[in-house]
Structures are given as C-alpha cells and as structure tokens.
Amino acid sequence: MSNSQRYTITAALPYTNGPVHIGHLAGVYVPADIYARYLRNTGNDVIYICGSDEHGVPITIKAKKEGVSPQDIVDKYHTIIKKSFQDFGISFDNYSRTTAKIHHETASEFFKKLYNEGKFIEESNEQLYDAEANQFLADRFVVGTCPKCGNEESYGDQCESCGTSHNATDLINPKSAITGNVPTTKITKHWYLPLDKYEKWLREWIVEGHKNDWKTNVLGQVKSWLDDGLKPRAVTRDLDWGIPVPVEGADGKVLYVWFDAPIGYISSTKEWAAREGKDWEPYWKDEKTKLIHFIGKDNIVFHCIIFPAMLKAEGSYILPENVPANEFLNLEGNKISTSKNWAVWLHEYLEDFPDKQDVLRYALTANAPETKDNDFTWKDFQARNNNELVAIFGNFINRVVVLTNKYYDGIIPEPNEFSDVDNETLEKLQKFPSVISSSIERYRFREASQELMNLARLGNKYLADEEPWKVIKENPERVKTVLYVALQIATGLSIVCEPFLPFTSAKLEGILNISKNVAWDDIEKTNELIAPNHKIGKAELLFAKIEDEEVQKQLDKLEATKQANEAENKVVEPQKETIEFDDFTKLDIRVGTILEAVKIPKTKKLLQLKVDVGLDIRTIVSGIAESFKPEDIIGQKVTVLVNLAPRVLKGIESQGMILMTDTPDGKLAFIEPENDSVANGEQVS
RNA sequence: GGCGUGGUAGCUCAGUUGGUUAGAGCGUCGGAUUCAUAACCCGGAGGUCUCCAGUUCAAUUCUGGAUCACGCUACCA
C-alpha cells in the first residue's frame, strides 16, 4: 500500500433511544476503531466519523411514554453515548448528532438538490386523517368496512377476510385505530426515491464488481434484495419530529429518518473540517478517497442500497469501497435487547471495571461476530483477561522489565554477537506487522488480535528457551544479548498493540520510557526498536487478574434483570368493563377434541384443525403453529367458542375459536377440562 | 413460504482452488521450570468436519435434498 492514502471511515450512527451496549461495540465501534487507529499508525490520512441518530418515530413514542419532549430524550442519550465512547477510547475524529444545525442544513441541501434535479417521484394522494391524534392514518392505523366483501374489520391496506388489498380511503365507515374517531380526509404529498432505477447499476457495482472483496453475508443480503426487485421508497413522512422537508407545500412533513441519518456522516465530517480548519470535500468527493462503512447486519440494506443510490443520484459523491457488516453478538445465550434491558451497557461497564477498557476491547475483538452470531459470556471475558492478557502479554512484559531492572538497573545492555536463535527471533518479530496488517486490511480483526498475542508468545518462548536467570551465573555477557532481544519484542508489542489496546500501549510506552518514535512500518525495516543505554522504568503490571467474584457480580446483575422481566410480564391486564350475565350467556363455549391438524401452506402461524365440538365436526383455523406441531395436538381436549361468526382466513372458513392462554416463555397453552371424561359438546358456564 | 448467512475437537473459531496423519486458542491430562500476576515453556488425549443422496479413482471441501440457528422478505398477529 502506498503511503498516505485518504480514508473516510464511518461507524453506524447509534440511535438515541438507549445507551450503547457491547453488541454495538463488538459489531461496529471496536472494529472500526482498530481499523482507524491502524491506518493512522501506518501514516494514512484518516477521519473516523460518527454521531447520534436522533430522529424517527421510536424517539417520539418513547418521549410520549415518558411524558417528555423528543429533544429531552435525545439530549439524555446523546450525552451518555458520547461520553461513554470517549471514556472507552473510541477515537472518533468527530462525534456529531443529527439534531445539529449543520446536519439539518446538509440534509436539506441534499434533498433540495435531488428535488431540483427531478430525482424524486412526487405522489399526492388523499389520505385519512385523525384530527384529534393529529396524524395521517395509513395501513394499520385505520379499520373499516371492506368495499368488496363487507367485512367490517378490514384494515386500511388490506382486508383479511377476502384478502384483497386496497387503499385506506376505499373503506366504508373508516375509523381511526388510535382514537376511534371518524377520520377526515386530507391530501398529502410524498417524495419517493425510485430505487428500481438504480437496480441494474447496484447489481453491476456490488454483486459483480465487489464479489471478491466484500463479505459473503453482505453480498448475499444485497443480492437477495435485488433479486426481490426494488421499489420506489418514500423519503418523507408526515411527522413533526425530524428535518422539515425543504420545499414548497411540505408543511408538517419531515425527511424519513433513513434518508437523513446517513447524510449525518457527511455533516459530521463538515463539522470536523470547520473545527480543524480543513476542507471536508476531498473526504467525500475525491475518487482516490476510500470510504468504508462499519455497520451491523441490520443496516446492510441502508448502506448498500439506499444510501449508495442517494449518493449516486446526487452525483458528486464517492461510493463506499467496502461495507464490512458484522453479525450480532448475543449475551449469555440470549439476544441482546435494549427494551428488555438484556445487555452490558458501556457506561455501566466503565463504572464497574474502571481502567479496564482494553480488557473489554480485547474480549470483544477476540470473539467478534465476524462471520456469524456469537455469544458473549462473562466467563469468556474473564478467561480472555486472565489467560491471555495477564498470563501471556502482561506476564511477558513484566518478566522483561523485572529482569532488566534486576540485572542492569533498568539500563538496556549492549548486545554481544547474536546467536542463530536471536536472529531467527528478531526476524520473526519483523514479520509481525505485515501479518497483522494483512488481517486488518481484510477486516479480520479477531485473527489480527490472535497474531498480536502470538508476538507475546514468541517473547515468552524466547525467554523460556534462553533462560537468562540461569545463564547469568555462568555467562553474564550472553544475558545482555538475551535481554536486548527480549526488549526489542516488548517494544514491538507496544507499537503493534496500539490499535487493539490503546490504553495498554500508552502504559507500556511509559514503562519502557519511550514515546512514539518508531512507526508501525519501521519494525520490519530497522534492526533496533529500542537502543542500548536507554533507561526504562520500573515494573508495573499491565493487567490485573479478574476474580470470580467480579464476574459473579455481573452474572447476578443479569439474573436480576431476568427476574425483573419475568415480574413485568406477570403484570396483569386491568379488568375489563363490567358486563351483564346476559352478555356472558351470548357466548356459546364448549368442550371439543382436535381430530386433525394440518399446517396451512405459506403461513407461519396458522393450523387448519378439525374439531369435534359435540354438535358437529368443524373446521377451525388457529394461529398456534409456532407453539405446537400438528401431529402433537391430535386428540387434544380444547375449549371452543362455537358461535363466533365464521371468518375466512387464507381461503379457509374458520368456524369458531379455540381458547388459549400464554405461558411465561411466550408460548401458547390450551384451556382444557381438568377431568378427561368430560364429553365433547359440554357447555362451559 | 421465498431468499441470505452459518452448522468443523468439551468451549470459541480457522481451514480445505476435492487427494497421504483436518488446525489454533481456551479447557483437560502429563512433563519441565522458577525471571515472572501458581504465570510461562514442552508434550499427550480429544473430531464418522450436522444428516442423507449424487458426481468422482477420491468429498469435510462440489451438486441436490433434509435439518437446526440467526437474519431479510411475504403472510400472519
């Protein structure tokens, strides 16, 4: 690689509806940080850009729920997120936010340019509007009578009874699903990015052009989208939280959050450039600049299809060189979930494990979800620290420093003639930077982190083989050479570990009493990384062991979360309004037995059942396929509401409803008579 | 249902453009050693490479099917 290549590195903008957790770190921020630090160390012109993503519906919902303004929500999390990134050593050149003025301006300009150049499709249509909720009622927000079959509970976009799809305005007697009010109609206009026009180009650029250098999971996902066929995508929304659509007649409309968010990379770059007195444009418009997006797999479609199409439509921007998306990290066997509080939150980790940023960085890198979902366990975290960082890396450094201080008062000795082993060891040391570089440049960070550890292993083996503590008794001159060589390895480690373990690198430089005077690439060029007669500092442990109790504390914390979640799930729904006995007697509920059960094709949840309800044997469609296998429920006693109006589901008429309840693990359970001899057709009263 | 990605040692993962004994780290067992945070170093055990079928002289590697996990999408709540 030629020197001083320009790189623009972006990390997915964290969404400000919660703090950052280890899943975000392992998937995006740590690998991107390693990459950025590595490129800086090898003399490139790098900007590492990020910021908070603060628009979108979920923020407004959360704000409503907590009775505060959306701005309060995003301020709160932006502050937490920004600080925790900083404390964790994520080396962003700029961390901005999408509520920033510069971002609103940048996104507006971007939209206007595409608008003026006619890159959007403009579509106006009459939509239902709920004045009380102050909201347009699309799709599922409205129910009414189906114009085709007369079903009174058709949704706005489709009637479930007859299966036809229609517009919400076609419904007879529409009602708002939010307030129950009768909606008015209002004309609303939206702008669409015609993705279908970019389909061919995207296929050529990614599926063919990058089939050898992009990750298979990314290529596969992109291909899957393209094969499905792209459709025009609305880039505006009727909402009051976001960036106002900057054209005439767009009052009350904002840019779709996924339109504005990726532009945040650009506005964050502008913010950085203004502060640093630089020109932002080469970082986004110079063909020679390499643009790399680090993201999680959930963002592939936005970074590989929508954002590139936007950039292409705009015309003056470069396209990403690569989009190394990672898979997901699980926590102790379960999916990480912000809403369920099943996570290790970065800001809490930093409090619980002060000065142990590098331990988490290392544990997440060594077990990163690069090719498939992985599991983070505290036991693995502890093992990575105790067996690798402490026992191999820290221990090697400690041995070298202790010996140097003990024999030479901390002054690096002049070596004598090198033995074959010395030369081989020094040659191996020289090869490490390029091996690690190669892994990093292929986005294989876990492999790179293991190579780093192998360098420390090389040092330990060298000491074990040369036994300076023994040789000192017969041949003190030889020991000078041995420690000289060992110190070269220690110095090499301090340089090569920087992208992965920046805090450790700084600490080690302090111990060795050096400051970055050797560059990454110098290791393979020079024979001497640290010179004789230089005085090093006293021994100081780089890493501390993590005891079982500390890990147990974290496990207890998770267990508490689990129990809190279960308790929350037990929250009983409030009692419904009082009904009269007559109301109850209208319900005809009977005991029945399932005689047949078949999965309905092309559905995930539906089973077609034949149930003997005493009166007759009837067909019932029930959405229980995720909880039961058809063959397991034949003969099952059930309770059936038999006089429910028949309803056609997937073309099959369902003549009744099986009564079900939920189990704590989210499955369904039948309601059945405790006494097995109860006959089919017996009434429930 | 369609599509994508993955299923390799107890655990976490490499790898094989098809070819004699399939690798690493951790864990485990044994040895050596004391400069070092009982750490390091050496060695051993441990795998029908998810299953079935096909192509082939030869498959863990290619093809087809099944199955499980995760995701996208459709449908469904």
Side-chain angles (χ1 to χ4, degrees), chain A residues 140 155 158 160 163 165 215-229 231 296-301 304-305 325-330 333 335 363 366-377 379-407 439 444 446-447 449-451 453-454 456-473 479 482-483 486 539-547 599-607 621-626 649-651 660 668:
Chain A
R140 305 276 147 152
Y155 286 117
Q158 189 174 36
E160 291 194 345
S165 56
K215 293 174 69 164
T216 48
N217 57 339
V218 177
L219 285 170
Q221 193 71 70
V222 168
K223 193 167 174 296
S224 172
W225 272 85
L226 293 176
D227 288 348
D228 258 12
K231 290 182 207 113
K297 65 175 163 184
D298 50 336
N299 277 340
I300 290 174
V301 64
C304 298
I305 291 181
N326 273 331
E327 302 283 305
F328 284 160
L329 189 69
N330 294 325
K335 277 186 211 185
N367 190 31
E370 286 176 1
T371 52
K372 63 175 185 190
D373 291 2
N374 268 344
D375 196 26
F376 176 91
T377 64
K379 199 172 152 245
D380 178 72
F381 168 83
Q382 181 189 27
R384 294 281 179 195
N385 179 73
N386 293 356
N387 302 331
E388 297 180 31
L389 292 176
V390 172
I392 297 171
F393 193 128
N395 186 35
F396 169 66
I397 297 300
N398 195 39
R399 299 170 86 179
V400 176
V401 175
V402 165
L403 287 171
T404 306
N405 274 295
K406 187 167 173 181
Y407 298 151
S439 294
R444 301 169 78 141
R446 57 190 307 161
E447 185 180 276
S449 72
Q450 290 316 296
E451 284 302 332
M453 207 42 73
N454 284 339
R457 288 194 170 98
L458 174 73
N460 277 320
K461 181 167 167 50
Y462 178 76
L463 284 183
D465 290 347
E466 298 309 309
E467 302 179 300
W469 49 89
K470 232 186 219 174
V471 177
I472 192 84
K473 290 165 196 157
V479 173
V482 171
L483 278 184
E540 196 185 332
L541 298 182
L542 287 180
F543 302 100
K545 283 202 122 186
I546 291 173
E547 303 298 334
K599 182 108 186 281
I600 299 178
K602 301 205 174 204
T603 67
K604 203 184 248 178
K605 295 185 179 172
L606 298 186
L607 291 186
V621 175
S622 188
I624 57 173
E626 286 184 323
L649 292 166
K650 297 303 289 183
M660 307 295 297
L668 294 166

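Lettering follows sequence order; numbering is per chain, from 1.
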Enquirer: Taking only distance into account, with no hydrogens and no angle test, what donor-acceptor pairs under 3.5 Å do side-chain atoms of residues 387-402 of chain A form with protein atoms, sequence neighbours excluded?
Expert:
| unit_1 | atom_1 | unit_2 | atom_2 | d |
| --- | --- | --- | --- | --- |
| A:N387 | ND2 | A:A383 | O | 3.4 |
| A:E388 | OE1 | A:Y362 | OH | 2.5 |
| A:E388 | OE2 | A:R384 | NH1 | 3.1 |
| A:N395 | ND2 | A:A391 | O | 3.4 |
| A:R399 | NH1 | A:N460 | OD1 | 2.9 |

Enquirer: So which nucleotide from B:G25, B:U37, B:C35 ends up closest to the side chain of A:E388?
Expert: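 Minimum distance to the A:E388 side chain belongs to B:G25.
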Enquirer: Please state the C1' separation for the pair B:A45 and B:G10 - nearest whole angstrom.
Expert: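 After rounding to an integer number of Å, I get 13 Å for this pair.
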Enquirer: Using the P atom in both, what is the distance from B:G25 to B:U55, to the nearest Å?
Expert: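 The same atom, P, in both gives a distance of 40 Å.
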Enquirer: Quantified in whole Å, what is the C1' atom distance between nucleotide B:A9 and nucleotide B:A22?
Expert: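 Those two atoms are separated by 10 Å.
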Enquirer: Give one of base, sugar-phosphate or nothing for A:N395, where a contact means two heavy atoms less than 4.0 Å apart.
Expert: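 Base contact.
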Enquirer: Tell me which nucleotide among B:U33, B:C26, B:G71 gets nearest to the side chain of A:N387.
Expert: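 The answer is B:C26.
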Enquirer: Under a 4.5 Å cut-off applied to non-hydrogen side-chain atoms, are A:R446 and A:E370 in contact?
Expert: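 Contact flag for A:R446/A:E370 side chains = yes.
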Enquirer: Taking only the side-chain nitrogens and oxygens of A:T404, find out if one of them lies under 4.0 Å from OP1 or OP2 of B:C35.
Expert: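 Checking B:C35 against A:T404, no side-chain N or O comes under 4.0 Å of OP1 or OP2.
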Enquirer: Nearest to the side chain of A:V402, heavy atoms from C-beta on, is which of B:C35, B:G71, B:U5?
Expert: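 Among B:C35, B:G71, B:U5, the one nearest the side chain of A:V402 is B:C35.
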Enquirer: Among B:C70, B:C41, B:A14, which nucleotide sits nearest the side chain of A:R457?
Expert: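 In terms of side-chain proximity for A:R457, the closest of B:C70, B:C41, B:A14 is B:C41.
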Enquirer: So if I take every side-chain heavy atom of A:W469 and compare against B:C40, B:C35, B:U37, which nucleotide ends up nearest?
Expert: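 The closest nucleotide is B:C35.
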Enquirer: To the nearest angstrom, how far is A:E466 atom CD from B:C35 atom P?
Expert: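 So the CD-P distance, A:E466 to B:C35, works out to 17 Å.
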Enquirer: Taking Watson-Crick (N1-N3 plus N6-O4 or O6-N4) and G-U wobble (N1-O2, O6-N3), each under 3.5 Å, can you produce the dot-bracket string of RNA chain B? Use [ ] for crossing pairs and | for inter-strand ones.
Expert: (((((((..((((.....[...)))).((((.........)))).....(((((..]....))))))))))))....
Enquirer: Expressed in angstrom and rounded to an integer, what is the separation of A:L219 atom CG from B:C72 atom P?
Expert: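 To the nearest whole Å, that distance equals 18 Å.
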Enquirer: Tell me which nucleotide among B:G7, B:C41, B:U73 gets nearest to the side chain of A:K372.
Expert: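 So the side chain of A:K372 is nearest to B:G7.
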Enquirer: Output the single nucleotide from B:G71, B:U5, B:A14 whose closest atom is nearest the side chain of A:K335.
Expert: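 That would be B:G71.
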Enquirer: Check whether any side-chain N or O of A:T371 sits under 4.0 Å from OP1 or OP2 of B:A14, and answer yes or no.
Expert: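 For A:T371, the contact criterion (side-chain N or O under 4.0 Å from OP1 or OP2 of B:A14) is met.
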Enquirer: Under 4.0 angstrom, heavy atoms only, what part of the nucleic acid is A:F543 near: base, sugar-phosphate, or nothing?
Expert: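 Base, at least one base heavy atom under 4.0 Å.
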Enquirer: Taking atom C1' in both B:U8 and B:U50, compute the distance separating them and give it to the nearest angstrom.
Expert: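 Result for the C1' pair: 10 Å, nearest Å.
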Enquirer: Please determine if a side-chain N or O atom of A:K545 lies less than 4.0 Å away from the OP1 or OP2 oxygen of B:A39.
Expert: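 Answer is yes, contact under 4.0 Å.
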Enquirer: Determine the interatomic distance between P on B:G54 and the same-named atom on B:U61; round to the nearest Å.
Expert: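 Pairwise P distance, B:G54 against B:U61, rounds to 14 Å.
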Enquirer: So, OP1 or OP2 of B:C11: does either fall under 4.0 Å of a side-chain N or O from A:R384?
Expert: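 Answer no for this pair, as no side-chain N or O of A:R384 is under 4.0 Å from OP1 or OP2.
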Enquirer: Would you say A:N217 and A:K372 are linked by a side-chain donor-acceptor pair, where the criterion is simply a distance under 3.5 Å?
Expert: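 Judged by distance alone, the side chains do not pair up.
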Enquirer: Which nucleotide in the set B:U34, B:U37, B:A14 lies at the smallest distance from any side-chain heavy atom of A:N398?
Expert: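 Of all the options, the side chain of A:N398 is nearest to B:U37.
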Enquirer: Can you tell me, in whole Å, how much space there is between the P of B:A53 and that of B:G15?
Expert: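 It works out to 28 Å between them.
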Enquirer: Return the value, rounded to whole Å, for the distance between atom CG of A:N460 and atom P of B:U34.
Expert: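 It is 16 Å, rounded to the nearest whole Å.
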Enquirer: When you check the phosphate oxygens OP1 and OP2 of B:C40, does a side-chain N or O of A:K461 lie under 4.0 Å from one of them?
Expert: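 For B:C40, neither OP1 nor OP2 has a side-chain N or O of A:K461 closer than 4.0 Å.
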Enquirer: With sequence neighbours excluded, tell me which residues meet salt bridge (Lys or Arg N to Asp or Glu O under 4.0 Å) with A:K335.
Expert: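 Checked A:K335 against salt bridge (Lys or Arg N to Asp or Glu O under 4.0 Å); zero matches.
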Enquirer: Would you indicate what A:L542 reaches in the nucleic acid, counting non-hydrogen atoms under 4.0 angstrom: base, sugar-phosphate, or nothing?
Expert: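 Here A:L542 touches the bases of the nucleic acid.
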Enquirer: What nucleotide, of B:U33, B:C35, B:C41, holds the atom closest to the side chain of A:R399?
Expert: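 The answer is B:C35.
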